[in-house]
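Note that the structure is a prediction, hence the values are computed from the model and not measured. Throughout, a chain's letter reflects where its sequence line sits, starting with A, and its residues are numbered from 1.
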2 protein chains.
Amino acid sequence: MNRRSGIDSKSNILNAALKIFSEYGYRGASMRMIAHNAKISVGGLYIHFKNKEELCLTLMKKRLGDLSQELKKALEGVKNPVEAITLFITINLEYAKRHKELILTQSKERGFTFGLGLKRSFFKKQRTLIEEILKKGIDSGDFSECDVKETTKIIMGTLRGFVLSMVVDAYNLFTPEECSKLILYGLLRRNDKPANEKTNEFKGRS
Amino acid sequence: MNRRSGIDSKSNILNAALKIFSEYGYRGASMRMIAHNAKISVGGLYIHFKNKEELCLTLMKKRLGDLSQELKKALEGVKNPVEAITLFITINLEYAKRHKELILTQSKERGFTFGLGLKRSFFKKQRTLIEEILKKGIDSGDFSECDVKETTKIIMGTLRGFVLSMVVDAYNLFTPEECSKLILYGLLRRNDKPANEKTNEFKGRS
DNA sequence: CATTCATATGAACAGACGTTCAGGAATAGA
DNA sequence: TCTATTCCTGAACGTCTGTTCATATGAATG
């Protein structure tokens with residue numbers, strides 16, 4: 001019997017779980033599939049994780065934490081709200097591209113309440129971040145007056161759509177730039193330049 | 001035993017299936033649950049539907065067909081592209097609100113290839129519709145020049161985001177007006193009025 | 001060498017699943 | 001009333017599920 005260290009096994013299992021969960025969803029993935037993919041026995045899984053739920057939760061926690069930190073770090077020094085929004089969108093989309101798998105797993109399942117708390121607190125953090133950017137942008141005159149909370153919800157929704165479209169249909173790989181442009185400028189032709197042109201790195205749409 | 005007409009049973013089953021699928025997803029819903037909810041026996045299901053797959057497919061087909069027709073009819077007489085986009089968004093969102101259930105079922109599952117063809121052709125139809133509106137809008141000067149195909153993809157993505165946010169978190173009930181405004185005007189403050197003011201029924205964002 | 005310990009195995013369990021089928025019940029036409 | 005047809009039932013089948021457990025392995029410690 002080839003005996004491995006517990007640590008190796010644990011990370012093997014996590015890698016396998018990620019692969020299987022993202023291919024078959026939470027319900028579609030079986031512990032046997034994960035075990036087989038991790039080259040361990042079914043029983044072995046239960047040495048490292050209490051059960052299927054905990055295994056999936058561990059994966060989600062890690063990923064959401066990573067993204068949270070990445071966002072926070074990136075936005076730390078940024079003063080210009082237009083740039084901040086763009087960065088926010090870009091990082092989210094790129095993270096999504098890198099980790100398609102778990103996003104699918106999450107959006108695919110339901111009736112599994114166990115990820116809920118995690119996700120709620122993550123989205124709340126994201127909302128707060130955007131709200132602050134918006135407020136700054138309105139104060140500085142870059143953004144037009146709007147209901148901050150409402151607009152934040154809409155931006156989050158929009159972003160979720162971008163992410164899901166990308167993840168669901170691989171061919172839907174629109175660039176972060178295009179997404180930012182739509183959110184910032186909208187569809188309509190504008191005859192003016194953005195209010196704060198010097199700080200704006202994007203070409204206007206007219 | 002109370003014997004009912006086959007037609008009644010079939011529609012009972014479809015209603016029950018809709019309820020159960022949308023609550024538990026395709027994999028999570030069992031034929032027993034559906035049968036119980038439709039007040040019929042398990043075997044009875046198989047009189048009206050070949051199997052679980054066909055049952056779900058029937059539901060999807062009906063819903064996508066309905067929405068398709070509704071969109072087509074609503075957009076028939078509309079000339080103004082701004083109005084058309086707004087209408088497109090509004091109808092989609094309202095349809096989503098009315099039929100949260102199945103949307104969830106669809107976005108929750110994967111590895112079920114069977115809905116794919118249906119969905120593909122539906123989305124293609126939608127894309128064509130938007131592309132035509134965009135082209136008209138650019139020609140008329142309402143919209144700024146843009147890559148029509150790319151922008152269409154983005155709009156579809158945005159819309160998908162709105163829909164999913166609404167459906168996933170019930171409290172995310174932003175109005176169609178707000179969504180349309182973001183897509184049309186964007187976040188940035190604009191100092192001008194939209195190019196074709198007289199035809200535009202929304203207040204500008206400045 | 002003997003003991004201890006974390007790690008690993010895979011057969012076994014109880015339950016749920018989709019699907020089938022022999023049989024029963026209600027209706028319609030004769 | 002008899003028969004054909006349609007609709008329905010629920011036990012049964014085989015397969016899969018998440019989880020447990022008696023058992024075994026290999027390395028480290030004494």
Side-chain angles (χ1 to χ4, degrees), chain A residues 1-60 105-106 108-115, chain B residues 1-60 105-106 108-115:
Chain A
M1 179 94 350
N2 243 351
R3 199 166 166 278
R4 296 164 304 186
S5 91
I7 297 170
D8 274 6
S9 288
K10 191 153 182 167
S11 99
N12 277 351
I13 293 173
L14 281 171
N15 286 337
L18 180 59
K19 213 185 303 176
I20 302 296
F21 275 137
S22 50
E23 185 157 356
Y24 299 95
Y26 180 76
R27 277 189 151 110
S30 81
M31 294 302 263
R32 280 165 181 81
M33 289 161 95
I34 294 170
H36 182 260
N37 201 282
K39 292 179 203 324
I40 203 178
S41 66
V42 218
L45 294 180
Y46 288 84
I47 293 167
H48 300 280
F49 299 93
K50 210 181 72 195
N51 51 28
K52 191 181 180 184
E53 189 173 310
E54 199 202 70
L55 177 49
C56 185
L57 211 57
T58 307
L59 280 174
M60 285 176 49
T105 307
Q106 287 181 63
K108 240 174 307 171
E109 293 308 327
R110 213 172 87 93
F112 77 145
T113 355
F114 65 87
Chain B
M1 182 87 352
N2 245 349
R3 195 166 167 282
R4 296 164 305 187
S5 89
I7 296 170
D8 274 6
S9 288
K10 190 153 184 167
S11 99
N12 277 349
I13 293 173
L14 281 171
N15 285 338
L18 181 58
K19 213 185 303 178
I20 301 296
F21 275 137
S22 50
E23 186 157 355
Y24 300 95
Y26 181 76
R27 279 193 151 108
S30 81
M31 295 302 263
R32 281 167 182 80
M33 289 160 94
I34 294 170
H36 183 260
N37 202 282
K39 292 177 202 322
I40 203 178
S41 66
V42 216
L45 294 180
Y46 288 85
I47 294 167
H48 301 281
F49 300 94
K50 210 180 72 195
N51 52 28
K52 190 181 179 183
E53 189 172 313
E54 198 202 70
L55 178 49
C56 186
L57 211 58
T58 307
L59 281 174
M60 284 175 50
T105 306
Q106 288 181 61
K108 243 174 306 172
E109 293 307 329
R110 213 173 87 94
F112 75 147
T113 354
F114 66 86

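D/dT9 atom P lies 12 Å from atom NZ of B/Lys39, rounded to whole Å. Between B/Asn12 atom CG and D/dC7 atom C1' there is a gap of 14 Å when expressed in whole angstrom units. Rounded to a whole Å, the CG atom of B/Leu45 is 13 Å from the C1' atom of D/dC7. For the pair A/His48 NE2 and C/dT9 P, the interatomic distance rounds to 9 Å; values are reported in whole Å. When the C1' atom of D/dT25 is taken as reference, atom CD1 of A/Ile40 falls 14 Å away, rounded to whole Å. Atom pair B/Lys10:NZ and D/dC8:P shows a separation of 12 Å (rounding to whole Å applied). Remark: C1' of D/dT9 and CD1 of B/Ile47 are 9 Å apart, rounded to the nearest angstrom.
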Working note: B/Leu55 + B/Lys52, criterion side-chain contact (heavy atoms from CB on, under 4.5 Å); need CA distance, chi angles, decisive distance, verdict. CA-CA 5 Å; B/Leu55 178 49; B/Lys52 190 181 179 183; 5.6 Å; no
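Atom OH of A/Tyr26 is separated from atom CZ of B/Arg27 by 13.5 Å, given to the nearest 0.5 angstrom. Put simply, CE on B/Met31 and CD1 on B/Ile13 are 8.5 Å apart, with the number rounded to the nearest 0.5 Å. The distance from atom CG of A/Asn12 to atom CG of A/Asn37, rounded to the nearest 0.5 Å, is 9.5 Å.
Not counting sequence neighbours, the partners of B/Ser30 by the side chain to side chain contact (heavy atoms under 4.5 Å, CB included) test are B/Arg32, B/Met33.
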Reading nucleotides 10-23 of chain C from the 5' end, what letters show protein touch, with B for base, S for backbone sugar-phosphate only, - for no heavy atom under 4.0 Å? B-B----BBBBB--
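Counting heavy atoms from C-beta on, the side chains of A/Leu14 and A/Phe49 come closer than 4.5 Å.
The shortest distance between the side-chain N/O atoms of B/Ser9 and the OP1/OP2 oxygens of D/dC8 is below 4.0 Å.
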